[in-house]
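Written below as structure tokens is the structure these notes are about.
By convention in this document, chain letters (A, B, ...) are assigned in the order of the sequence lines, proteins followed by strands, and residues within each chain are numbered from 1.
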There are 2 protein chains.
Amino acid sequence: MKLQQLRYIWEVNRHDLNISATALRLYTSQPGISKQIRLLEEELGVQIFSRSGKHLSKVTPVGEDILAVAGDILHKIETIKRIASDYKSPTQGSLSMSTTHTQARYTLPDVIKEFAPKYPKVALSVIAGTTMENIVKAANGDVDFVIITENFDISSNLVVMPCFSYHTAVLVSKDHPLTQLAQVSALDIGNYPLATHTFGFGFNSLNTTSLGKAFKWVGLEPKIALAAGNADVVKSYVRAGLGAVGVVADMAYDSTEDSDLVRLNVPEFGDAYPLSIGIRRDCYIPGYMYDFIEGFAPHLDRNTVAEVMSLPDPVAQEDYFANIDIPDY
Amino acid sequence: MKLQQLRYIWEVNRHDLNISATALRLYTSQPGISKQIRLLEEELGVQIFSRSGKHLSKVTPVGEDILAVAGDILHKIETIKRIASDYKSPTQGSLSMSTTHTQARYTLPDVIKEFAPKYPKVALSVIAGTTMENIVKAANGDVDFVIITENFDISSNLVVMPCFSYHTAVLVSKDHPLTQLAQVSALDIGNYPLATHTFGFGFNSLNTTSLGKAFKWVGLEPKIALAAGNADVVKSYVRAGLGAVGVVADMAYDSTEDSDLVRLNVPEFGDAYPLSIGIRRDCYIPGYMYDFIEGFAPHLDRNTVAEVMSLPDPVAQEDYFANIDIPDY
DNA sequence: CCCCATTACGTAGCACGTAACAATG
DNA sequence: CATTGTTACGTGCTACGTAATGGGG
């Protein structure tokens, strides 16, 4: 059994069982991959892929099991490289995260501004995507960690550490009728088109967020005017003067930059949302990564993170923060 | 990076950093191993072993980290082979366990008598050792699972499933003065030499077992006459007619075979001890292994074991059995 | 008829073994 | 001086690339 053989079956599986496409991506030849896969299957005495004619049609049941373990192995191989690289040159390496647009746009730049000059040799990449995509990326090891809003109790291999809480900001234009009210309720908002970004799981998730619940609670079906993955679009829409009410995460509201907007206080929307960081359980954490995390969430210092990561028990990891105050943004 | 390189550093570490000895054991040449290790170190850019002169003197800090991951990888490689082998020929393979002498001698033979004819092609091996040794073997993956008395909440990578409870049997010879008493207490026993096997952690562990506590409770320092790892020796000692009181696990007392001994009822020694099976968390379980486990502990059927093993959370795994009645032996 | 996996075959690289060397206790 | 790790060197294996073959949709 060779590592490359494991790499090949893993990649072929990732590329829709298309050996040719895999070969292109790996800059190698089709016959090479084909042969190595057959050799592996021969050595193990089982078929990993079932062939129909000249196609790999699907993964056999054994293949599923084998692929799962192979994935672990390949990830651990990368881990070894990282360990060595981190020890050799602690200020060098790569750091990738996936997160929502809001964090990428509003909270992360400040952290990066501190981080980047300190670690000029660390290749930093921030990927903005939906919560679902982000979680999958982190779980697959495509990124080092994920910063994510909403509680996700997905039974995955991610260690979740809360960074801070944030609230929603309800925004209207300066001349909006709602600015005349002494106290705005969700009921009042229901009379206007609502512009919000999709909190995580896409459009329908509105029903499951506490924002959605707040609407339900006052017996309203919100008239969504705009649901974008992007707080800036929401704000533009509010600015457009169509009477829209915008709901964004409060970090997306800057009192000076957005001085043409008015932030309303709506008690029903007062819920705090936890913003958390999720790291693959068996991930190796280089020094600069600790530093980045601490820069983002000061209470997640190196010792804390290391301690939580070393807890063998997911529930203990979760409980660790149960009695710790999570700061507001 | 090659798998063999990982195997080499792993084995060299296991063989006290002696490359020559390792080469002998692996049926290969010293220079081969030496070179591959250097190649790996070169590729990673770090030293895994520190050299003093012509010796590998110790493992570097990075080396420790790397070795840990390498061990995982090698174990998973074996797992892949097992998966394939099990799928290819489900009735073939190997099954090894480590346990105490008492289980090996008294409870396991019945299970094996059922199992062996059913799976003639499974190489079965039972290793008797102290509890400590057994746990280490299972955690290292040297054996497939461990059957162990005493509660061990060692934070290891073992999934623990209770099989049944047993009690201690207090044995004396037929002509022993204690047989004249209507009711025997621990206090009475304190007057005689005590013969017992070491429950698990060696001689001193008597203080931590509930057996030891029972003595403490009645204010006695037991006069141990014999502490052996072997219930048969205890019984011989009791038979020797020196007035010794023997304490063994009740499965070691056979009312017909040991009809020359009298079992006393001593309330203070009435505690139930759980007997559990411990399986490495990331272990692959072939069909015949499920079968063996079920033969040993009928309530641990295939579905139950599979379900518990698939729980990602050690605490959940432990709690699984909290509300389930564990049968007596 | 295009796409894709497999077979055939040649080559370059590398893992491994033997032998010689060096250094340590 | 015995033990152990490293260097030197030759060889056999094999992974990989190119070219040709063969099924399917």
Query - Nucleotide nearest A:Q36 when distance is taken to its side chain, options D:dA15, C:dA5, C:dA19 - result: D:dA15
Query - Between P of C:dT6 and CG of A:L40, the distance in whole Å - result: 13 Å
Report task. Report the distance from atom OH of A:Y27 to atom P of D:dT18, rounded to the nearest whole Å. Result -> 15 Å
**Report entry** A:Q4 side chain near D:dC16 phosphate (N/O to OP1/OP2, under 4.0 Å)
**Finding:** yes
Query raised in the report: Which listed nucleotide (D:dC9, D:dA19, D:dA8) is nearest to the side chain of B:K35?
Result: D:dC9
Query raised in the report: Looking at B:Y8, does any N or O in its side chain come under 4.0 Å of the phosphate oxygens OP1/OP2 on C:dC16?
Result: yes
Query raised in the report: Roughly how many Å is it from CD1 in B:I19 to P in D:dT7, rounded to a whole number?
Result: 11 Å
Requested in this report: Check every atom of D:dG5, C:dA15, C:dA5 against the side chain of A:S34 and return the nucleotide holding the closest atom.
Outcome: C:dA5
**Report entry** Check: A:L44 and A:M1 side chains under 4.5 Å, non-hydrogen atoms
**Finding:** yes
Query raised in the report: What's the CZ-P distance between A:R38 and D:dC16, to the nearest Å?
Result: 17 Å
**Report entry** Expected output: side-chain B:Q103 to main-chain B:T100 donor-acceptor under 3.5 Å
**Finding:** no
Query - Interatomic distance where CG belongs to B:L17 and P belongs to D:dG5 [whole Å] - result: 9 Å
Requested in this report: Please determine if B:E41 and B:R38 form a salt bridge, counting it only when a charged side-chain N lies under 4.0 Å from a carboxylate O.
Outcome: no
Query raised in the report: Closest nucleotide of DNA chain D for B:A21 versus for A:P31: which of these residues is on the 5' side?
Result: B:A21
Query raised in the report: If you check the A:T28 side chain, which of D:dC16, C:dT18, D:dT6 turns out closest?
Result: D:dC16
Query - Closest to side chain of B:R51, choosing from C:dA15, C:dA5, D:dT6 - result: D:dT6
Report task. Please report, rounded to the nearest Å, how far the C1' atom of D:dT3 is from the CG atom of B:L56. Result -> 13 Å
Query raised in the report: Counting only side-chain N and O atoms of A:N18, is one of them less than 4.0 Å from OP1 or OP2 of C:dA5?
Result: yes
Query raised in the report: Is B:R51 atom CZ crowded by more than 12 heavy atoms from other residues, nucleotides or ligands, each under 6.0 Å away?
Result: yes
Report task. Side-chain contact test, heavy atoms from C-beta onward, threshold under 4.5 Å: evaluate it for B:I112 versus B:V126 and give yes or no. Result -> yes
Requested in this report: Starting from P on D:dT14, measure out to CE on A:M1 and report it in whole angstrom.
Outcome: 16 Å
Report summary line: Among D:dA15, C:dA19, C:dA15, the one nearest any side-chain atom of B:L39 is C:dA15
Requested in this report: Would you classify B:I37 as touching base, sugar-phosphate or nothing, given that sugar-phosphate means primed atoms plus P, OP1 and OP2, and contacts are heavy atoms under 4.0 Å?
Outcome: nothing
Query raised in the report: Atom CD1 of B:I33 and atom C1' of C:dG17: how far apart are they, to the nearest Å?
Result: 12 Å
Query raised in the report: Taking only side-chain nitrogens and oxygens of B:K2, does any of them come within less than 4.0 Å of OP1 or OP2 of C:dA15?
Result: yes
Report task. Quick one: sort the A:F292 and A:F115 rings into parallel, tilted or perpendicular, breaks at 30° and 60°. Result -> perpendicular
Query raised in the report: Given C:dT6, is OP1 or OP2 found less than 4.0 Å from the side-chain N or O atoms of A:Q30?
Result: no
**Report entry** Nucleotide nearest B:S20 when distance is taken to its side chain, options C:dA5, D:dT7, D:dT4
**Finding:** D:dT4
